[in-house]
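Quick notes on the structure that follows.
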Amino acid sequence: MSWASPEDIYLSTSLASYLDKKLLVLLRDGRKLLGTLRSFDQFANAVLEGACERVIVGEIYCDIPLGLYIIRGENVVLIGELYTCTFLLIDFVLIDKDVDKEELPPHMTRVPEAEIRRAQKAEREATDLKGTMRKRMEFLDMD
């Protein structure tokens with residue numbers, strides 16, 4: 001029976017396994033960043049190369065380029081690897097169909113940055129209006 005050494009355990013829980021791989025990073029404020037992990041430290045501060053912010057509003061999305069991006073570790077909620085290869089199964093044989101193509105749900109539509117900003121603003125205004133209406137109607141609460 002083989003036991004894992006402390007070095008093996010450390011590497012399996014470290015970001016080292018994600019170096020030079022494309023990642024999705026979810027931040028505490030809800031932003032989603034995509035990019036290639038180039039460096040990190042003991043505080044989970046990370047450097048993403050070719051980073052972009054993915055903004056999703058309803059069924060539309062936009063990737064806003066950020067370039068080289070440094071992320072403070074305390075703001076990271078989740079880090080996950082993006083698999084960018086898709087395969088096609090034909091007669092029980094896997095064939096590499098399309099490399100570097102991300103799979104998104106078919107109902108998602110990519111739009112320009114200006115359009116996603118307008119959609120974000122409209123969504124924010126609708127949320128504010130809902131909150132305002134809820135405050136105005138509190139007196140009707142019959143608990």
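In this chain, residues are counted from 1 in sequence order.
No option in L78, I71, V77 other than I71 meets the side chain to side chain contact (heavy atoms under 4.5 Å, CB included) test with L27.
Sorted by first and then second residue, the pairs that involve residues 68-82 and meet salt bridge (charged side-chain N to carboxylate O under 4.0 Å, His left out), not counting sequence neighbours, are R72-E74.
Hydrophobic clustering (side-chain heavy atoms under 4.5 Å, transitive across Ile, Leu, Val, Met, Phe, Trp, Tyr) keeps L26 apart from L23. Hydrophobic clustering keeps V76 apart from L68 (ILVMFWY residues linked when any side-chain heavy atoms are closer than 4.5 Å, directly or through intermediates). Linking ILVMFWY residues whenever their side-chain heavy atoms come closer than 4.5 Å, directly or via other members, places V57 and I64 in the same cluster.
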Compile the donor-acceptor pairs under 3.5 Å between side chains in residues 28-52 and protein atoms, sequence neighbours left out, one pair per line.
| residue | atom | partner | partner atom | Å |
| --- | --- | --- | --- | --- |
| R28 | NH2 | N75 | OD1 | 3.2 |
| D29 | OD1 | R31 | N | 3.1 |
| D29 | OD1 | R31 | NE | 3.4 |
| D29 | OD2 | R31 | NE | 2.9 |
| D29 | OD2 | R31 | NH2 | 3.3 |
| R31 | NH1 | Y69 | OH | 3.3 |
| K32 | NZ | G30 | O | 3.3 |
| R38 | NE | E49 | OE1 | 2.6 |
| R38 | NH1 | D20 | OD1 | 2.5 |
| R38 | NH2 | E49 | OE1 | 2.6 |
| D41 | OD1 | F43 | N | 3.0 |
| D41 | OD1 | A44 | N | 3.3 |
| D41 | OD1 | N45 | N | 3.0 |
| D41 | OD2 | N45 | ND2 | 3.0 |
| N45 | OD1 | G73 | N | 2.6 |

Using distance only, find each side-chain donor-acceptor pair of residues 106-133 under 3.5 Å and give its atom names and separation, not counting sequence neighbours.
| residue | atom | partner | partner atom | Å |
| --- | --- | --- | --- | --- |
| R117 | NH1 | Q120 | OE1 | 3.0 |
| T127 | OG1 | E123 | O | 2.9 |
| T132 | OG1 | D128 | O | 2.9 |

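The line from CD1 of I79 to CG of L24 is 9.5 Å long, rounded to the nearest 0.5 Å. Of the inter-residue distances, the one linking D63 atom CG with L66 atom CG reads 9.5 Å to the nearest 0.5 angstrom.
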